[in-house]
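Step one of this worksheet: look at the structure below.
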Amino acid sequence: MMRALLRRDLLQFFPFAGGGGAALPLLFFVAVAMLYPFAVGPDPNMLARTGGGVVWIAALLAAILPLERLVARDIELGTFDQLRLRGVSDEAMMAVRMVAHWLSFGPLLLLATFPAAALLKIEGEPLRLLLLGLVAGTPGLAAVGLMIASLTASLRAAGAALSGLLLIPLSLPILIFGAGALARGDIATLGFTAAISLALVAITPFAAGAAIRAAREG
Amino acid sequence: MQARLSAKTLACRRGDRVLFRGLDLYVESGTALHITGANGVGKTSLLRILAGLLTPFAGEVSHDGDIGLLDERPALDPELPLAKALQFWAALDGAQDLREIAQRLNLIDLINVPVRYLSTGQRKRAALARLLGQQAPIWLLDEPLSGLDEASRGLVEQLTKEHVAGGGLCVIASLQPLAIEGLQRLALEEFAQ
């Protein structure tokens, strides 16, 4: 049951899977890394010092690009209702969706970090910290994204603007510790990123499940 | 298997308006119930309450047997070909032969067409295919005839008869009259506030 759900979700959200999943977040991520040196000038020291933070912000924004279709579409299609009738709990649906959402952008984002890092002159130890930080932080970003998507799913008019607004407080801790590890050059800081990420991953299925239940009653 | 669906002193509230109150209902295997009432009287809400998707304002619902719901949303992925979209549910429901069901609903020629290109009526028939594959003894049909041509309407009535004859039960909310023998009737307006 869960495997069939995950398969469908991946087909929906994974770029290049042919099911309508968009590669846009990924392109967006690389585009930011490409444009940044043009905007601030090609000074390698400056790029190396600030580039990590830019990659983090790009990762964060890339994670919220697919939010609009993440939950609202299946509410409109009636998929969640049909699954509910088959005894699948809302929490299980959301847990599967969280995994699918992360799989659809996390690993590809890590791959895209290599060209992005090359453009921003990040190499050696900072690159390692950046990659490890993204490994620790992106599950949290996926969780936050799903939480926001499910909360705003029934508010048709609010859409993207509200999602962006909600993202700021919720993702700030991940960003502070994730990008902070780069500034301090200290891997221990990533422990905090991972811990926050885990906490978000743990509560999101319940929060998002409650949100779509509320949307159903509305 | 004996299927049964019952509700006791149901009331439904939408916003600050109570739509109906004091509704009792008992349907068992081999019966079909037609819920009638004008737009906005709460037919869809009643079906959603019976399905367990909406919490009633008062009263309780109980049922033996799985519930299949057919409403205006087909729950089929728009960009997938019909066969694949149905396959997802068939895999969850452990349905037998999809081809046979598609044949029955005259969908066999459309099986490779993406769902978003299907017309309203074709989409409704596709949703019916999903419902048939589910093999649930309890059918809740919300406006099953809307958007369908005459032949398809006859098919829906035929399928409902067969479902009921095969030991299933059926609750149908419909504005259109249904040509089904032994159909029980419940006028929702009688419970309106």
Side-chain angles (χ1 to χ4, degrees), chain A residues 1-24 66 68-94 96-97 100 104 153-156 209-218, chain B residues 5 12-15 44-45 47-57 61 63 65-81 84-95 114-116 123-124 126-131 133-142:
Chain A
M1 177 80 95
M2 291 302 138
R3 201 188 306 169
L5 277 187
L6 185 62
R7 238 177 64 100
R8 172 176 178 272
D9 283 1
L10 278 177
L11 201 66
Q12 248 192 112
F13 300 116
F14 198 79
F16 324 117
L24 185 67
E68 224 162 333
R69 23 182 291 130
L70 198 56
V71 173
R73 205 178 83 111
D74 274 324
I75 291 183
E76 268 159 38
L77 283 176
T79 319
F80 290 144
D81 285 351
Q82 290 294 335
L83 286 171
R84 191 74 205 83
L85 287 176
R86 285 158 176 82
V88 184
S89 72
D90 296 318
E91 287 77 12
M93 291 176 217
M94 290 296 105
V96 169
R97 182 129 310 179
S104 315
S154 54
L155 315 170
R156 305 226 178 297
I212 63 167
R213 215 171 6 259
R216 188 177 286 140
E217 297 277 342
Chain B
L5 176 69
C12 168
R13 194 180 77 165
R14 303 300 282 159
T44 298
S45 298
L47 285 194
R48 288 181 67 76
I49 288 173
L50 293 177
L53 294 172
L54 201 63
T55 316
F57 182 48
V61 179
H63 65 94
D66 290 336
I67 292 180
L69 172 72
L70 176 87
D71 57 13
E72 84 284 9
R73 302 162 307 164
L76 297 167
D77 289 318
E79 59 283 327
L80 289 186
K84 285 225 170 107
L86 285 172
Q87 190 60 49
F88 167 70
W89 294 110
L92 286 185
D93 297 327
V115 173
R116 68 166 180 276
R123 226 170 277 199
K124 194 118 220 171
L128 269 165
R130 189 203 68 222
L131 180 73
Q134 193 184 351
Q135 293 174 294
I138 302 175
W139 277 9
L140 304 177
L141 312 180
D142 191 4

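Here is the naming used below: chain letters follow the sequence lines, and residue numbers restart at 1 for every chain.
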salt_bridge(B/Glu79, A/Arg73) N-O dist < 4.0 Å: yes
With rounding to the nearest 0.5 Å, note down the distance linking CG in B/Leu53 to CZ in A/Arg84. 8.0 Å
Residue pair A/Arg8, B/Asp77: steps toward the side-chain contact (heavy atoms from CB on, under 4.5 Å) verdict: CA-CA 9 Å; A/Arg8 172 176 178 272; B/Asp77 289 318; 2.6 Å; yes
Residue A/Arg216 versus chain B: region with a heavy atom under 4.5 Å: both
For a quick test of reading the model, state the closest non-hydrogen atom pair linking A/Ile75 to B/Arg73 and the distance between them. O-NH1, 3.1 Å
Taking atom CD of A/Gln82 and atom CG of B/Asp71, what is their separation to the nearest 0.5 Å? 6.5 Å
Can you tell which of A/Arg7, A/Met1, A/Arg213 has the highest number of heavy-atom pairs within less than 4.5 Å of chain B? A/Met1
Do A/Thr79 and B/Trp89 make a side-chain contact, defined as non-hydrogen atoms from C-beta onward lying under 4.5 Å apart? yes
Interface check, chain A: of B/Glu72, B/Arg130, B/Arg14, most non-hydrogen pairs under 4.5 Å belong to B/Arg130
Kindly give the heavy-atom pair with the smallest separation between B/Leu69 and A/Leu85, and that separation in Å. CB-CD1, 3.3 Å
